[in-house]
Structure formats: C-alpha cells, structure tokens
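All values reported here derive from a predicted model rather than from experimental measurement. Per chain, numbering begins at 1; letters A, B, ... match sequence-line order.
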Amino acid sequence: MPELPEVETVRRSLIPALVSRSITGVTLRDFPGVIGSMDFGAFAVLVQDRRIEDIRRRGKYLLIDFDDGSGLIVHLRMTGSLMTSPAEAAPIRFEHIAFWLDDGNSLRFADQRKFGRIEFRPPENRAPLEGKLGPEPLTSSFTSAYLSRALAKRTAPIKAMILDQRIIAGVGNIYADEALFRSRIHPLTPAGQLSQQKIASLVRSIKTVLRSGIENRGTTFSSYRDGNGEAGTNQESLRVYGRGRRGEPCPRCGQALVTLVAGGRTSHVCLRCQPPPNAAEAPTP
DNA sequence: TGTTATGTTGCCAT
DNA sequence: TATGGCAACATAAC
C-alpha cells in the first residue's frame, strides 16, 4: 500500500505535529524486531530527549531527523502505519512502538504484518539509502534520457524494472500498473525493446500518476492511513488497478480488463490498449 | 475449514 | 551481473 504518494502524504501530515517536538520517552510493545537488530535499551537511550528537526522522504522511506544529526529511518512495507495521538490514548491495533512527546502527544508505529521497520541511524550513517535507490521520479533528475539509459539492453519485463527501486525510487504495484496503462505499454514488454517515444511517455505517466496520488492524499484499499488516521481518496481515480480481477471494462476502449503476473506481481491490464510484446500495434480508437 | 492473495523488500539459486 | 522465485507475517476473501 504505501508507495511514494502514501509515504509523502504521511510525511506532510506528520510535520505539523512532530517538527520542533522533543521525545521524552519510548515504549516497546510486543515486537522487538520493529527496531531492527538494535537492543531496545540502547535505542531508548539514543532517542531520549532528541528534538525532531525535520521529516524527509526518499523513495518509500521516511527520514526523521534529530537535532544532533542522528535520526530514524522508517519503512512501512505492506501494512505499516505512523500516526500521532494524545499520549493518554490506548495503543492502536498492531501497535509495536510508541514515542512520547513533550507536548502531551505521541507518535505510534503499527504494522499488522510486522514487515515494517523504524530504525535508529547515528549521525555518521545517515545516507544508507544512497546507492540503493534510483532517482526521485518527481524531480528533474528523472528524465527519459535517464530511463532510456537504465533500460538499455535489459530483457526483464518493464513492470519489473519500474518496481526496481534502484532504477526508480518509490513506485510500487499500484502506480506501476496505472502508469503502464496510461502509456499503453504491456507490463511484460522486455524493457530494452521500448521505443524512445514509449519511454518518454512512461516517464510522463509515472510523474502524472504519482502527482495525482499525492493530490488525493494516497490510495486506501484497506489499511493505509495518513499521520492523522485519515484515508486517502486516490482509489477513486485509479483506472485499472484492482479492476482486472473483476473483468471490469477498460475505461478507454471498454474491453474487459484482465490480470496477469509480471515482475512477480499481479498486474491489471487492457490487452487491447496494451498489446502484448510481439503482437501487432493496437488499433487507435 | 482450508487455500490463496495482499500494497514490499532482501536473500538465494541459476 | 541479470533475472526470477520465495520467505518474512497476519488477515481477509473465496
């Protein structure tokens, strides 16, 4: 669920409540692994009395910066959530750790499936993501020239390439399907076979669907919520994701959408608008 | 009631 | 190096 637009929405919704606040304490609930391999006692000492200076995002990671150069690095994976609440509020469902703030509020991290992590990073180790993540798709560094170079000679399906965080940071299954549909590209097309025009179109589509996702405060299918516990509305704007399974009509040509597996992930496609590789070009309606 | 799928990523085998 | 499969986990839907 939490892809770039969702993580960005969480970031924006947390800033008013967290920036300039100091952490007065931290409570671990039932799952020590939520902070990674670090001992909780050591973790608690390190975050104690730290003041939050800023909250940033890189790909699907959230970076909470402290006043001494250290910080927290958060990944929500499939079902993680971060939200604020009054300190006296009861633990939320699947809550694993709570941070107590100097204004009577708190920050809770919950995760049904326990894949998500909220790890401490010392000042000298604040860039563990560089080298592992590709460019931010909503910045000027993500261009068709860049993507063309990255995909050259690659034989893997384009869907797998879009989901590879080393090539583009932050795109997940939902926005990948939406972008491929908009650009009329079949997800199994070998990445290196895409024309320059298709690559340029794909770059535009990725930027468009991500911006739309942010404007609509994220896509909520089941568990995603922002830092205030509010659901997003972008699910109402999706054209194909989730519709293939029910065979709903393509919003462009009306043919029934289908699902297939590409890059190891369920993909929702219109086989007329997104012709399979080696098939004839679809008739332009 | 059992089986299958779920928005992510890292590890492992080929 | 590039690619593909699968596990980590809990729950909902079929």
>> For Watson-Crick and G-U wobble pairs within 3.5 Å on both distances, what is DNA chain C written in dot-bracket notation, | included for inter-strand pairing?
In response: .|||||||.|||||
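The side chain of His75(A) places no N or O atom within less than 4.0 Å of a non-bridging phosphate oxygen (OP1 or OP2) of dT8(B). Between Gln165(A) and dT9(B) there is a side-chain N or O to OP1 or OP2 distance below 4.0 Å. Listed pair Lys132(A) / dG10(B) meets the phosphate criterion, a side-chain N or O lying under 4.0 Å from OP1 or OP2.
Remark: Glu136(A) engages Arg58(A) in a salt bridge, criterion side-chain N to carboxylate O under 4.0 Å. Comment: Asp177(A) engages Lys159(A) in a salt bridge, judged by a side-chain N to carboxylate O separation of less than 4.0 angstrom. Of the charged side-chain nitrogens involved, none lies within less than 4.0 Å of a carboxylate oxygen, so that Asp111(A) and Arg77(A) do not count as a salt-bridged pair. Under a 4.0 Å N-O distance rule, the pair Glu53(A)/Arg51(A) qualifies as a salt bridge. Taking a cutoff of 4.0 Å between a charged side-chain nitrogen and a carboxylate oxygen, Arg217(A) and Glu6(A) do not qualify as a salt bridge.
Classification of the Phe221(A)-Tyr241(A) ring pair by plane angle, with boundaries at 30° and 60°, yields tilted. Ring geometry, Phe31(A) versus His96(A): the interplanar angle exceeds 60°, so the pair is classed perpendicular (tilted spans 30 to 60°).
For residues 202-211 of chain A, the side-chain hydrogen bond (donor to acceptor under 3.5 Å, both in side chains) pairs, not counting sequence neighbours, are Ser183(A)-Ser205(A).
For Arg265(A), taking side-chain heavy atoms from C-beta onward, the closest of the listed nucleotides dT8(B), dT3(C), dT6(B) is dT8(B). Among the nucleotides dT6(B), dT3(C), dG10(B), the one closest to the side chain of Ala156(A) is dT3(C). Closest to the Arg154(A) side chain, of the nucleotides dT8(B), dA2(C), dA5(B), is dA2(C). The Lys60(A) side chain lies nearest to dT8(B) when the options are dT8(B), dG10(B), dT3(C).
Grouping Ile, Leu, Val, Met, Phe, Trp and Tyr by side-chain contacts under 4.5 Å, direct or through others, puts Leu257(A) with Phe181(A), Val240(A).
Looking at Arg11(A) and Thr9(A), their side chains never bring a donor and an acceptor atom within 3.5 Å of each other. Remark: the Arg184(A) side chain and the Gln274(A) side chain contain no N/O donor-acceptor pair separated by less than 3.5 Å. Side-chain polar atoms of Ser223(A) and Thr79(A) form no donor-acceptor pair below 3.5 angstrom.
We find that CG of Leu188(A) is positioned 10 Å from P of dG4(C), with the value rounded to whole Å. Atoms CZ (Arg58(A)) and P (dT9(B)) sit 13 Å apart, rounded to a whole Å. Between the C1' atom of dT9(B) and the CD1 atom of Ile118(A) lies a distance of 18 Å, rounded to the nearest Å. Asp164(A) has its CG atom 10 Å from the P atom of dA2(C), to the nearest Å. With rounding to whole Å, Arg166(A) atom CZ is found 14 Å from dT8(B) atom C1'. When rounded to the nearest whole Å, the span between NE2 of His268(A) and P of dT6(B) equals 7 Å.
Among the atoms of the strands shown, only primed sugar atoms or phosphate atoms (P, OP1, OP2) are found under 4.0 Å from some heavy atom of Pro157(A). Within 4.0 Å of Tyr61(A), counting heavy atoms only, lie sugar-phosphate atoms of the nucleic acid but no base atom. Using a 4.0 Å heavy-atom criterion, one finds that Gly172(A) contacts the sugar-phosphate atoms exclusively. If you check every strand for non-hydrogen atoms under 4.0 Å, Arg117(A) touches nothing.
For the side chain to side chain donor-acceptor pair (under 3.5 Å) test, no residue two or more places apart in sequence or in another chain qualifies with Gln48(A).
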> Tell me, for nucleotides 7-14 of chain C in 5' to 3' order, what letter each nucleotide earns: B for a base near a protein heavy atom under 4.0 Å, S for only sugar-phosphate near one, - for neither?
Replying inline: -BBBS---
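A heavy-atom distance below 4.0 Å to DNA chain C is reached by none of the residues of residues 226-235 of chain A.
Distance check on atom P: dC9(C) versus dC11(B) gives 15 Å, rounded to whole Å.
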